[in-house]
Amino acid sequence: MKGKAEVGTSLTTAEYVEMEERYGAFNYDPLNVVVKEARGVWVEDVEGKKYMDCLAAYSALNQGHCHPAILETMLAQARRVTLTSRAFRNEQLPLLCRDMHEMTGMEMTLPMNSGAEAVETALKAARRWGYEKKGIPRDKAEIIVCDGNFHGRTITIVSFTTEDAYRRGFGPYTPGFKVVPYGDAEAIRQAITDNTCAVMVEPIQGEAGIIIPPKGYLEEIQAACRKNNVLFMLDEIQSGLGRSGKLFAYMHEDVRPDAIICGKALSGGYYPVSAVIASREMLGVFKPGEHGSTFGGNPLACAVARTALRVLRDEKLSERSAELGAYFMERLKTIESPVIREVRGRGLWIGVELTKSARPFCEALMEEGILCKETHDTVIRIAPPLIIDREDLDWAFERFKKVLTSPGLTT
Ligand SMILES: *Cc1c(COP(=O)(O)O)cnc(C)c1O
């Protein structure tokens with residue numbers, strides 16, 4: 001281990017790619033851009049080329065890369081104390097839980113690390129609630145989820161995915177889940193039984209290709225849940241924290257879920273932090289020893305999350321997302337291209353659905369200095385950091401227009 005590789009910044013893109021493919025597992029198929037530095041909406045690769053980040057780490061970077069206020073908190077807290085485990089208390093956890101309460105009106109917060117862990121936490125709480133509070137017979141609890149869902153990658157979560165690639169070869173699967181079509185409240189009403197403890201949905205499906213359900217969908221689900229004594233749980237890991245133009249996407253409707261599952265931008269991209277924010281009725285079911293995580297609720301995570309939330313508020317990122325998203329979507333809709341099937345979105349969360357594979361378009365955008373990733377094969381997802389300004393969007397627009405109308409790609 002001597003020489004160039006140790007410095008870490010002096011190899012070429014091809015050399016890093018080759019090294020990663022030689023020694024790393026193949027569970028992703030990334031674009032071949034090797035990022036070295038980033039700030040705000042811009043990233044720079046190892047060759048010194050700059051790109052606009054229009055993915056924002058799947059919405060974990062709503063506050064932008066290396067936000068200075070979050071960095072300051074991160075460094076200050078890292079010098080003070082980073083981990084106590086929950087065997088002892090730390091002074092940051094109660095402050096984060098109070099912030100969450102003040103932000104959402106929810107009674108309790110249970111912090112975890114990754115999004116999938118927060119989803120697992122909500123599923124466990126829902127089942128426990130079903131047995132203890134609703135009186136569901138032992139091991140009979142059912143949870144209703146939707147077709148096209150994305151909730152993470154654990155064995156239980158992939159047990160109810162409808163995406164073959166996420167699921168195939170990972171059985172035996174966890175039972176107890178019913179899958180219904182997304183956007184169809186009647187299907188949920190039909191699927192509820194006496195043994196249903198919860199319904200869990202994404203207010204807008206991100207991974208499925210920015211799928212926006214019909215107006216009133218969440219209100220109808222909530223009504224069905226209230227009527228049948230079922231918990232109403234929303235996975236806001238991607239849709240939340242300003243992405244859709246509201247603090248949480250459910251706020252586009254008049255509902256109040258029993259649980260909000262939160263992650264990604266909760267740390268502004270600095271650190272894995274997730275949480276279930278819920279009613280006392282639901283999260284109150286856990287007693288000491290029944291659930292936990294070594295790193296969950298650690299003081300570094302909590303301090304970083306508090307500042308990440310403060311940045312969202314101080315910089316009015318939800319409002320920004322709503323305003324600039326509407327502006328950019330209007331502009332995108334003016335592009336005349338034979339390959340565009342639909343432009344849809346909420347806030348700075350826009351899907352451009354094509355009539356063909358989106359991958360070559362993402363590669364061409366990369367050449368033009370824009371980083372995007374296709375989702376569901378035919379959709380280009382546009383989700384830049386919410387701190388982006390109009391000028392940057394205008395710059396991006398010219399490049400989207402060029403690529404989406406390029407004769408080499410569209411014919
Ligand atoms: C990303 C995501 C998850 C999983 O989060 P991880 O941190 O990758 O485990 C769950 N639900 C939704 C909606 C997501 O977008």
Side-chain angles (χ1 to χ4, degrees), residues 25 27-28 30 55-62 110-126 143 145-163 165-167 170 174 177 179 182-183 198-213 217-218 232-244 246-250 257 259-278 293 295-296 298 301 304-305 308 345-351 373-376 379 381-383 385-386:
N27 56 328
Y28 278 93
L55 178 65
Y58 301 92
S59 295
L61 288 160
N62 290 358
L110 197 166
M112 297 294 281
N113 311 287
S114 67
E117 283 175 298
V119 170
E120 287 271 350
T121 299
L123 298 175
K124 284 172 79 175
I143 295 173
V145 296
C146 289
D147 200 9
N149 72 71
F150 184 79
H151 297 290
R153 303 289 199 159
T154 65
I155 290 205
T156 287
I157 296 170
V158 302
S159 294
F160 57 81
T161 177
T162 50
E163 196 60 32
Y166 300 167
R167 189 184 143 86
F170 297 129
T174 307
F177 296 92
V179 184
Y182 187 65
V199 173
M200 177 173 71
V201 298
E202 297 156 83
I204 293 172
Q205 288 186 333
E207 294 310 297
I210 326 279
I211 310 293
I212 302 166
Y217 181 55
L218 299 181
F232 172 39
M233 313 201 296
L234 292 175
D235 181 343
E236 290 263 14
I237 293 170
Q238 190 166 154
S239 57
L241 303 179
R243 179 52 62 187
S244 77
K246 298 266 189 195
L247 181 61
F248 289 105
Y250 77 80
I260 306 166
I261 308 166
C262 199
K264 294 205 163 104
L266 187 49
S267 72
Y270 272 94
Y271 198 83
V273 189
S274 65
V276 179
I277 316 161
S293 159
F295 278 81
N298 75 71
V304 164
R346 273 270 164 85
L348 276 168
W349 203 22
I350 301 170
K373 185 77 167 70
E374 74 279 6
T375 183
H376 253 245
V379 181
R381 166 176 25 200
I382 305 173
L386 306 180

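Start at 1 and go down the list; that is how both ligands and their atoms are numbered. What you see is a predicted model, and the numbers here were worked out from it, not measured in a lab. Numbering of residues begins at 1 and proceeds along the displayed sequence.
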Across all chains, not counting sequence neighbours, the ring pair (Phe, Tyr, Trp, His ring centres under 6.0 Å) partners of Y270 are none
Under a 4.5 Å cut-off applied to non-hydrogen side-chain atoms, are F248 and L241 in contact? yes
Nearest 0.5 Å, what's the CD1-CD1 distance between I350 and I210? 8.5 Å
Classify the ring geometry of H151 against F160: parallel below 30°, tilted from 30° to 60°, perpendicular beyond 60°. tilted
Contact between R381 and Y58 at the side-chain level, heavy atoms closer than 4.5 Å - yes or no? yes
Should F232 and L218 count as side-chain neighbours, where that means a heavy-atom distance under 4.5 Å? yes
Per-pair distances, ligand 1 N/O vs protein N/O, less than 3.5 Å:
residue  : atom   : partner : partner atom : Å
ligand 1 : 7 (O)  : G115    : N            : 2.8
ligand 1 : 9 (O)  : G115    : N            : 3.3
ligand 1 : 9 (O)  : A116    : N            : 2.8
ligand 1 : 11 (N) : F150    : O            : 3.2
ligand 1 : 11 (N) : D235    : OD1          : 3.4
ligand 1 : 11 (N) : D235    : OD2          : 2.7
ligand 1 : 15 (O) : Q238    : NE2          : 2.8
ligand 1 : 15 (O) : K264    : NZ           : 2.6

